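Below: the structure, in structure tokens.
Predicted, not measured: the structure shown is a model, and the values here were computed from it.
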Amino acid sequence: MRRIQFKGYGIELPKNTVELKGQVRYRISEGESQISLAVSACEKALKNANITINDIDCIVSASAVGIQPIPCTAALIHEKIAKGTSIPALDINTTCTSFITALDTMSYLIEAGRYERVLIVSCDVASIALNPKQKESFQLFSDGAAAFVIEKTEKEIGVIDAIQKTWSEGAHSTEIRGGLSNFHPKNYSEMTKEEYMFDMNGKTVLSLSISKIPELMKNFLKNNGMKVSDIDMTVPHQASVAMPLVMQKLGIEKDKFLDEVKEFGNMVSASVPITLVHGLENGRIKSGNTILLIGTAAGLTTNMMLIKL
């Protein structure tokens, strides 16, 4: 077990909401941006932890899409909340599961003694890249940010184990092709603008997920001497309205996972940490629980993490 604990957390959602097919979606409006949401979530997490930025040893941005190609998004967040310090800042990106990957990676560095306390923030504003012609994704995604302060502890709690797998058969099922070296901005035109928008084939992603994840879950739990019934609560990436179907395939009962797709939609990298915060705040996740963080991401990548709180 990698002994870490959640010291504090914070979330920030846009002020504006829209209702699509009876479901609520959050969308940034004038005066709001990806950086403003991320910074606000970080400030709330620090306040919730009753510490200042000077108590942080590393700032990690775990977002699917950066604010700009260079520098890393964490450096731009650093400029807003830690300017004048030399706190290291870095990005960790596995798109929708970036928070889980960052938590996994940084828990090793904390356990090794490299850092004592780390600030991880996930923030995406998917709405600015959605294609109105692609109704499935246009009606699914939301904007939001969540930040967690994690720190070393002597208690017997923390990351029990984690696993990540990628099946690149799904590499082009969820993508934005334009904007960097593959499809340079100089190629942007009215004819090519959809190359710069989010493109998803949900049926392909779901089919690949269902064919791969149950066996992965079975082996992951077996390697840790655990059964599904040993998990007190599952925090899934709010990938789509089909998420309960995936939970059913994994043998996770309806009252043992958090489903917030209707109320919040898919917030990309912020999806898992925001759902986790809600679980902690409403009491469905309690101290002493064993929880499972799980999600799929573009790639197709899947992450699973078992945590003892």
Side-chain angles (χ1 to χ4, degrees), residues 1-11 41 44-51 55 60 62 97 99-113 115-122 146-164 216-238 243-244 246-248 250-260 263-264 270-295 303-309:
M1 182 180 288
R2 286 164 259 150
R3 291 181 292 180
I4 62 165
Q5 65 181 2
F6 298 140
K7 177 71 173 174
Y9 50 76
I11 64 175
K44 288 181 177 180
L46 293 171
K47 183 177 181 180
N48 181 255
N50 196 29
I51 60 174
D55 298 306
V60 179
T97 57
F99 176 77
I100 306 176
T101 304
L103 187 57
D104 186 21
T105 303
M106 301 315 292
S107 68
Y108 280 109
L109 291 173
I110 290 174
E111 181 74 10
Y115 303 122
E116 180 78 17
R117 193 175 291 119
V118 175
L119 174 63
I120 300 174
V121 57
S122 295
F148 270 79
V149 175
I150 61 171
E151 67 177 10
K152 187 175 181 64
T153 180
E154 298 304 319
K155 301 173 188 176
E156 285 299 316
I157 59 174
V159 177
I160 298 169
D161 196 13
I163 192 169
Q164 178 175 314
L216 176 63
M217 175 82 158
K218 178 183 175 182
N219 292 333
F220 180 54
L221 291 177
K222 182 179 179 180
N223 290 341
N224 285 282
M226 295 176 64
K227 305 184 295 292
V228 173
S229 58
D230 295 319
I231 300 168
D232 295 301
M233 186 57 66
T234 295
V235 182
H237 169 46
Q238 309 295 300
M243 184 259 289
V246 178
M247 294 294 103
Q248 182 182 10
L250 298 178
I252 300 172
E253 297 178 6
K254 191 174 182 179
D255 63 342
K256 289 295 185 76
F257 68 89
L258 302 177
D259 183 356
E260 299 188 337
E263 297 83 3
F264 295 95
S271 180
V272 168
I274 284 178
T275 306
L276 176 57
V277 167
H278 291 158
L280 292 166
E281 289 185 335
N282 65 26
R284 293 192 68 186
I285 297 174
K286 303 177 179 67
S287 177
N289 281 175
T290 296
I291 65 172
L292 172 71
L293 306 184
I294 182 171
N303 291 69
M304 296 179 185
M305 174 180 282
L306 289 164
I307 306 176
K308 178 78 170 180
L309 295 182

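In this structure the side chain of V149 reaches within 4.5 angstrom of the side chain of L46, judged on heavy atoms. With contacts defined as side-chain heavy-atom distances shorter than 4.5 Å, the pair I294/M247 qualifies. In this structure, the side chains of F220 and L306 come closer than 4.5 Å at one or more pairs of heavy atoms. Residues F148 and L103 fail the side-chain proximity criterion, which asks for heavy atoms closer than 4.5 Å. Side-chain atoms of S287 and L309, non-hydrogen and from C-beta on, never get closer than 4.5 Å to each other. When side chains are defined from C-beta on, M243 counts as touching D259, because their heavy atoms get closer than 4.5 Å. Residues I11 and H278 meet the side-chain proximity criterion, which asks for heavy atoms closer than 4.5 Å.
The backbone N or O of I291 sits nowhere less than 3.5 Å from a side-chain atom of N289 that would complete a donor-acceptor pair. In this structure a side-chain-to-backbone donor-acceptor pair under 3.5 Å is missing from N303 to G295. With hydrogens and angles disregarded, no donor-acceptor distance shorter than 3.5 Å links the side chain of E151 to the backbone of Q5. Side-chain N or O atoms of R284 include one that pairs as donor or acceptor with a backbone N or O of D255 at under 3.5 Å. With K44 contributing its side chain and A41 its backbone, the two residues share no donor-acceptor pair below 3.5 Å. For K308 (side chain) and G288 (main-chain N/O), a donor-acceptor pair under 3.5 Å exists by modelled atom type. A donor-acceptor distance shorter than 3.5 angstrom exists from the side chain of S107 to the backbone of D104, with no hydrogens or angles considered. Looking only at distances, a side-chain donor or acceptor of Q238 sits under 3.5 Å from a matching main-chain atom of L258.
A side chain to side chain contact (heavy atoms under 4.5 Å, CB included) with L221 is found for exactly one of L292, V228, L250, namely V228. Each of V235, T275, I285 was checked for a side chain to side chain contact (heavy atoms under 4.5 Å, CB included) with L280, and the lone residue meeting it is I285.
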Chi angles and distances behind the side chain to side chain contact (heavy atoms under 4.5 Å, CB included) call for R117, I51: CA-CA 11 Å; R117 193 175 291 119; I51 60 174; 3.6 Å; yes
Working for side chain to side chain contact (heavy atoms under 4.5 Å, CB included), residues N48 and F6: CA-CA 11 Å; N48 181 255; F6 298 140; over 6 Å; no
K155 vs R3, side chain to side chain contact (heavy atoms under 4.5 Å, CB included): CA-CA, chis, key distance, verdict: CA-CA 7 Å; K155 301 173 188 176; R3 291 181 292 180; over 6 Å; no
Derivation and outcome, side chain to side chain contact (heavy atoms under 4.5 Å, CB included), residues T234 and K256: CA-CA 6 Å; T234 295; K256 289 295 185 76; 5.5 Å; no
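Taken from CD1 in I4 to CE in M106, the straight-line distance is 10.5 Å, to the nearest 0.5 Å. Atom NE2 of residue H237 and atom CZ of residue F99 lie 14.0 Å apart, to the nearest 0.5 angstrom. Here NZ of K218 is found 11.5 Å from CG of N223. Values are rounded to the nearest 0.5 Å. Taken from CG in L293 to CD1 in I307, the straight-line distance is 4.0 Å, to the nearest 0.5 Å. To the nearest 0.5 angstrom, E253 atom CD is 11.5 Å from Q248 atom CD. How far CG of D55 is from CG of N50: 9.0 Å, rounded to the nearest 0.5 Å.
In this structure, a donor-acceptor pair under 3.5 Å is absent between the side chains of D230 and T290.
Taking all atoms of both residues into account, the shortest heavy-atom contact from A270 to A146 is CB-N, 4.3 Å. Between S122 and A62, the shortest heavy-atom contact is OG-O, 2.7 Å.
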